[in-house]
Amino acid sequence: MVDQGPAAMAEGRPTTARLQSVLNRAARVVLVEGSPDQVDSADLARTVVTGADIADLAGLLAIVDGGTGDRCRCSGWPTILIHDVHDELIACWTLHHQDSIRGVGDCDADLRDGPALTAWLAERGLTGSQQAKAETD
């Protein structure tokens, strides 16, 4: 389980630059097909991103700077766990409704290209976002 309480949230409005600065320090990013309270479950699909693939992920996670000014009430999923070179957890973000992200700032932020991220996740075995989107279309 990952703490996402007020102390775990970044202060200030979310920006792509803030997101990028965290990912620039990342050695490993783990994406888990579940909410933060489920990340330890061995039953959930997950993928690990390292090296140059982190830069590709950063491009897919680009957001509309400034955020929405709101916070979705759901826990969100998948969960994105960012680890530094010492394997310390430096950030925990969650996706919301295939079109926004939480944890980069003090409110949720819209993704610039949610469908591209959803397709990227599905290519790596995390198909929950793709299935959820298909159910709402």
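Model, not experiment: these values are computed from the prediction.
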Spatial distance of atom CG (D108) from atom NE2 (H97) [nearest 0.5 Å]: 8.5 Å

Measuring from atom CD1 of I90 to atom CD1 of I82, what distance do you get when rounded to the nearest 0.5 angstrom? 6.5 Å

Roughly how far, to the nearest 0.5 Å, is CG of L61 from CG of D113? 11.0 Å

Is it possible for you to say whether W93 and V29 belong to one hydrophobic cluster, with membership spreading through side-chain heavy-atom contacts below 4.5 Å? yes

I'd like to know if the side chain of R124 and the backbone of T47 have a donor-acceptor N/O pair within less than 3.5 Å. no

I'd like to check S100 versus D110 (side-chain heavy atoms, cut-off strictly below 4.5 Å). Are they in contact? yes

Shortest non-hydrogen contact from G69 to C107? N-SG, 3.4 Å

Honestly curious: do L44 and W77 fall in one hydrophobic cluster under the side-chain, below-4.5 Å linking rule? no

Non-hydrogen side-chain atoms of V30 and H83 separated by less than 4.5 Å: yes

Does any N or O in the side chain of S21 come within less than 3.5 Å of the main-chain N or O of R18, such that one atom is a donor and the other an acceptor? yes

Evaluation steps, side-chain contact (heavy atoms from CB on, under 4.5 Å), between L89 and L81: CA-CA 7 Å; L89 181 67; L81 304 165; 3.8 Å; yes

Quick one: pull up NE2 in H96 and OG in S35 and give me the separation to the nearest 0.5 Å. 9.5 Å

Looking at D106 and P14, would you say the former's side chain and the latter's main chain have a donor-acceptor pair under 3.5 Å? no

Could you see if I101 belongs to whatever hydrophobic cluster contains V49? Use Ile, Leu, Val, Met, Phe, Trp, Tyr and a side-chain cutoff under 4.5 Å. yes

When you measure from the side chain of T79 to the backbone of G34, do you find a donor-acceptor pair of N or O atoms at a distance under 3.5 Å? yes

Show the nearest heavy-atom pair for residues R46 and V39, with the distance to one decimal. NH2-O, 2.9 Å

Once you round to the nearest 0.5 Å, how far does CD of E33 lie from CG of L121? 7.5 Å

Only residue of D99, L60, L95 satisfying side-chain contact (heavy atoms from CB on, under 4.5 Å) with L111 is L95

Nearest 0.5 Å, please: how far is CZ in R102 from SG in C92? 10.5 Å

Would you kindly say whether T68 and D70 are connected by a side-chain donor-acceptor distance under 3.5 Å? no

Does the pair D87 and R28 meet the rule for a salt bridge (Lys or Arg N to Asp or Glu O under 4.0 Å), with working shown? CA-CA 8 Å; D87 207 34; R28 178 173 64 102; 2.5 Å; yes

Is there a chain of hydrophobic side chains (I, L, V, M, F, W, Y, each step under 4.5 Å between heavy atoms) that links L57 to L19? yes

